[in-house]
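Quick notes on the structure that follows.
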Amino acid sequence: MPSEQWTHPEPGDGPAAVAAQPSPEQVIAGLRATSEGGAELTQLLTPEGQRVPSERFDRYVEDVDDETLKNLYRDMVLVRRADREANAMQRQGQLGIWVPLLGQEAAQVGSGRALQPQDMAFPSYREHGVAYTRGVDMRELIGIFRCTDHSGWDYQAHRFHPYTIVIGNQVLNAAGYAMGQKFEGKVGDEGGEATICYFGDGATSQGDVHEGFVWAAVYDAPLVFFCQNNQWAISEPTERQSRLPLYQRARGYGFPGIRVDGNDVLACLAVTRWALEECRHGNGPVLIEAFTYRMDAHTTTDDPTRYRLSDELEEWKLKDPIERVRAFLARGGHADQAFFDSVQAEADQFAADLRDYTFNMPEPPPDRVFSQVYAEPSPVLEAQREEYLSYLDGFATEESLAGSSIHGRGEH
């Protein structure tokens with residue numbers, strides 16, 4: 001049995017090797033497949049900015065003209081510039097923490113722009129680019145990391161759920177929501193609804209993710225599982241998470257999986273449109289593995305130099321998602337230097353506005369934490385609120401008494 005059959009078994013090839021008894025060659029092949037794009041990688045735009053035709057997916061980007069691609073480029077530049085500004089503000093003490101998305105702009109912008117207005121998105125905590133495509137003001141994201149808001153936006157209006165910090169928990173939420181879409185008959189045609197759920201490669205080792213796979217598969221839920229495989233689950237590489245490429249895990253649950261170049265915004269747009277179409281027509285869930293790379297730390301509390309080599313980072317810089325679109329636009333004469341300069345100027349102003357807002361953000365009132373917890377008033381919550389405010393008033397009384405005492409001693 002060839003080693004690749006254990007790594008990439010295809011329908012009709014016969015059973016894969018028994019997982020408990022792989023040969024050394026099969027193990028090595030499996031490990032390599034988790035850290036290399038491989039022949040299965042769907043790509044429409046190479047790192048050098050050359051268009052690659054795809055018989056299967058070209059029809060999903062037939063409407064992407066020069067202006068649309070320029071807008072995708074603009075989206076990525078603005079999102080990256082805001083991300084870099086937020087990262088700097090955390091270092092300056094303005095934010096408690098920041099979760100960088102550097103390098104993952106194409107995966108997020110491409111998939112986010114594939115969504116239709118009626119679709120729902122469930123993020124983890126790094127999906128700033130998806131939030132941007134769903135019309136969420138970046139300033140509302142800042143409140144989470146400045147510890148003034150849980151999530152300030154109207155998630156029903158934007159069809160973008162609040163961030164989820166617990167690893168993989170949003171997959172259960174998304175599976176339940178998508179099951180509801182199925183039960184309510186909101187699937188079956190082009191106008192149907194679909195849900196997309198974002199998580200990282202490390203989350204695929206969480207039980208919540210697998211439970212979500214099971215429930216979505218059993219009920220044919222219209223759910224796109226969008227795994228951003230950025231190669232590192234904090235300090236653990238992907239090959240320590242799975243012997244098989246992550247997209248192949250879908251086969252075990254009975255639905256299709258696909259690996260897309262996560263640094264190719266055009267491919268991410270096309271593949272996500274295809275997956276959402278499958279879902280909204282009632283064909284059940286799809287797993288997308290966006291093969292990308294986290295160019296920065298896991299969060300601003302992390303030091304990636306402790307667990308990965310600089311050579312790896314330099315290799316992935318050559319696959320930069322923004323530069324390949326820039327190269328395509330410039331090489332084909334679709335955009336000139338004036339366009340690129342204008343986008344950069346807009347991005348700088350975008351970041352400056354975000355910075356100004358952050359530095360001048362008003363402190364929320366102390367009872368803000370109790371607002372919008374439940375849809376209906378809660379006597380228990382109201383009692384907690386009154387007790388907390390009374391507790392804070394006690395400090396104000398003590399301060400006023402201390403001030404009077406000091407003032408009195410001064411008079412004597």
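By convention here, the first residue in the shown sequence is residue 1.
- Not a single donor-acceptor pair under 3.5 Å links the side chain of Arg324 to the backbone N or O of Val265.
- Side-chain atoms of Gln104 and Thr292 include no donor-acceptor pair closer than 3.5 Å.
- The shortest heavy-atom contact between Leu287 and Cys227 is CD1-CB, 4.4 Å.
- Under 3.5 Å, the side chains of Thr164 and Asn173 contain no donor-acceptor pair of N or O atoms.
- Between the side chain of Asp208 and the main chain of Leu172, no donor-acceptor pair closer than 3.5 Å is present.
- Listed here is the closest heavy atom pair of Asp201 and Ala233: OD2-N, 3.5 Å.
- Counting non-hydrogen atoms of neighbouring residues, nucleotides and ligands closer than 6.0 angstrom, the CD atom of Gln156 exceeds 12 such neighbours.
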Stepwise side chain to side chain donor-acceptor pair (under 3.5 Å) test for Gln92 and Gln94: CA-CA 6 Å; Gln92 296 164 0; Gln94 293 299 316; over 6 Å; no
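- Applying the side-chain contact (heavy atoms from CB on, under 4.5 Å) criterion to Pro117, with sequence neighbours excluded, gives no partner residue.
- To the nearest 0.5 Å, atoms CG (Leu115) and CZ (Arg273) are separated by 10.5 Å.
- Judged by distance alone, with hydrogens and angles left aside, the side-chain atoms of Arg326 form no donor-acceptor pair with the main-chain N or O of Gly49 at under 3.5 Å.
- The side chain to side chain donor-acceptor pair (under 3.5 Å) check on Arg139 picks up Asp137, with sequence neighbours excluded.
- Checked by atom type and distance alone, the side chain of Trp153 never pairs as donor or acceptor with a backbone atom of Ala131 at under 3.5 Å.
- The neighbour count for Tyr155 OH, taken as heavy atoms of other residues, nucleotides or ligands under 6.0 Å away, does not exceed 12.
- Remark: side-chain polar atoms of Asp149 are not paired, donor with acceptor, to backbone N or O of Gly152 under 3.5 angstrom.
- Tyr198 and Ser111 are linked by a side-chain donor-acceptor pair at a separation below 3.5 angstrom, with hydrogens and angles left out of the test.
- Between Glu193 and Pro222, the closest heavy-atom pair is O-CB, 3.9 Å.
- Residues passing the side chain to side chain donor-acceptor pair (under 3.5 Å) test with His128, sequence neighbours excluded: Tyr163.
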Stepwise salt bridge (charged side-chain N to carboxylate O under 4.0 Å, His left out) test for Glu40 and Arg259: CA-CA 6 Å; Glu40 304 89 348; Arg259 174 179 278 183; 5.2 Å; no
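- Between Phe291 and Tyr247, the distance separating the two ring centers is not shorter than 6.0 angstrom.
- The closest donor-acceptor contact from the side chain of Arg80 to the backbone of Leu102 lies at 3.5 Å or more, if one exists at all.
- From Gln206, atom CD reaches atom CD of Glu211 across 10.5 Å, with rounding to the nearest 0.5 Å.
- Between Pro285 and Pro256, the closest heavy-atom pair is O-CD, 3.5 Å.
- Salt bridge present: Asp296 and Arg84 bring a charged side-chain N and a carboxylate O closer than 4.0 Å.
- Atom CG of Asp261 is separated from atom OG1 of Thr46 by 9.5 Å, given to the nearest 0.5 angstrom.
- In terms of the ring pair (Phe, Tyr, Trp, His ring centres under 6.0 Å) criterion, Tyr357 has no residue partners (sequence neighbours excluded).
- Side-chain contact check for Arg134 and His161: no donor-acceptor pair (N or O, by modelled atom type) lies under 3.5 Å.
- No hydrogens or angles considered: nothing links the side chains of Gln43 and Asp264 as a donor-acceptor pair under 3.5 Å.
- Of all heavy-atom pairs between Tyr388 and Pro366, the closest is CE2-O, 3.7 Å.
- Phe199 has its ring centre no less than 6.0 Å from the ring centre of Phe122.
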CA sep, side-chain torsions, deciding dist, call: Asn71, Glu67, side chain to side chain donor-acceptor pair (under 3.5 Å): CA-CA 6 Å; Asn71 285 335; Glu67 284 304 310; 5.2 Å; no
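- Few gaps surround OH on Tyr307; more than 12 heavy atoms of other groups in view lie less than 6.0 Å from it.
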Pair Glu62-Arg59, salt bridge (charged side-chain N to carboxylate O under 4.0 Å, His left out): steps then yes or no: CA-CA 5 Å; Glu62 287 178 341; Arg59 71 183 186 90; over 6 Å; no
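- Between Phe339 atom CZ and Gln344 atom CD the span is 11.5 Å, to the nearest 0.5 Å.
- Of the possible donor and acceptor atoms, one in the side chain of Thr238 sits under 3.5 Å from a partner among the backbone N and O of Gln231.
- With hydrogens and angles ignored, the 3.5 Å screen pairs a side-chain donor or acceptor of His210 with a backbone N or O of Thr204.
- No donor-acceptor distance shorter than 3.5 angstrom exists from the side chain of Glu346 to the backbone of Val77, with no hydrogens or angles considered.
- Residue pairs meeting the salt bridge (Lys or Arg N to Asp or Glu O under 4.0 Å) criterion with at least one member in residues 298-313, sequence neighbours excluded, are Arg294-Asp302.
- Side-chain contact check for Gln50 and Glu48: no donor-acceptor pair (N or O, by modelled atom type) lies under 3.5 Å.
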Check against salt bridge (charged side-chain N to carboxylate O under 4.0 Å, His left out), Arg159 and Asp119: CA-CA 7 Å; Arg159 309 294 288 169; Asp119 296 332; over 6 Å; no
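- Closest heavy-atom contact between Ala194 and Leu276: CB-CD2, 3.8 Å.
- Counted within 6.0 Å of CZ on Phe340, heavy atoms from surrounding residues, nucleotides or ligands total more than 12; the atom is thus considered enclosed.
- Atom OH of Tyr374 sits in a sparse spot, with 12 or fewer heavy atoms from other residues, nucleotides or ligands closer than 6.0 Å.
- To the nearest 0.5 angstrom, Leu318 atom CG is 11.0 Å from Trp316 atom CH2.
- Side chains of Ser390 and Asp393: a donor-acceptor N/O pair is absent below 3.5 angstrom, by distance only.
- Applying the side chain to side chain donor-acceptor pair (under 3.5 Å) rule to Arg113 yields the partners Asp75; only residues at least two apart in sequence or on another chain are considered.
- The distance from the CD1 atom of Ile288 to the CZ atom of Phe226 is 5.5 Å, given to the nearest 0.5 Å.
- A donor-acceptor contact shorter than 3.5 Å is absent between the side chain of Tyr253 and the backbone of Ala216.
- Relative orientation of the Phe395 and Tyr391 rings is perpendicular, given thresholds of 30° and 60° on the angle between their planes.
- The cationic group of Lys319 does not satisfy the cation-pi geometry with Tyr293, failing either the under 6.0 Å distance to the six-membered ring centre or the 45° limit from the ring axis.
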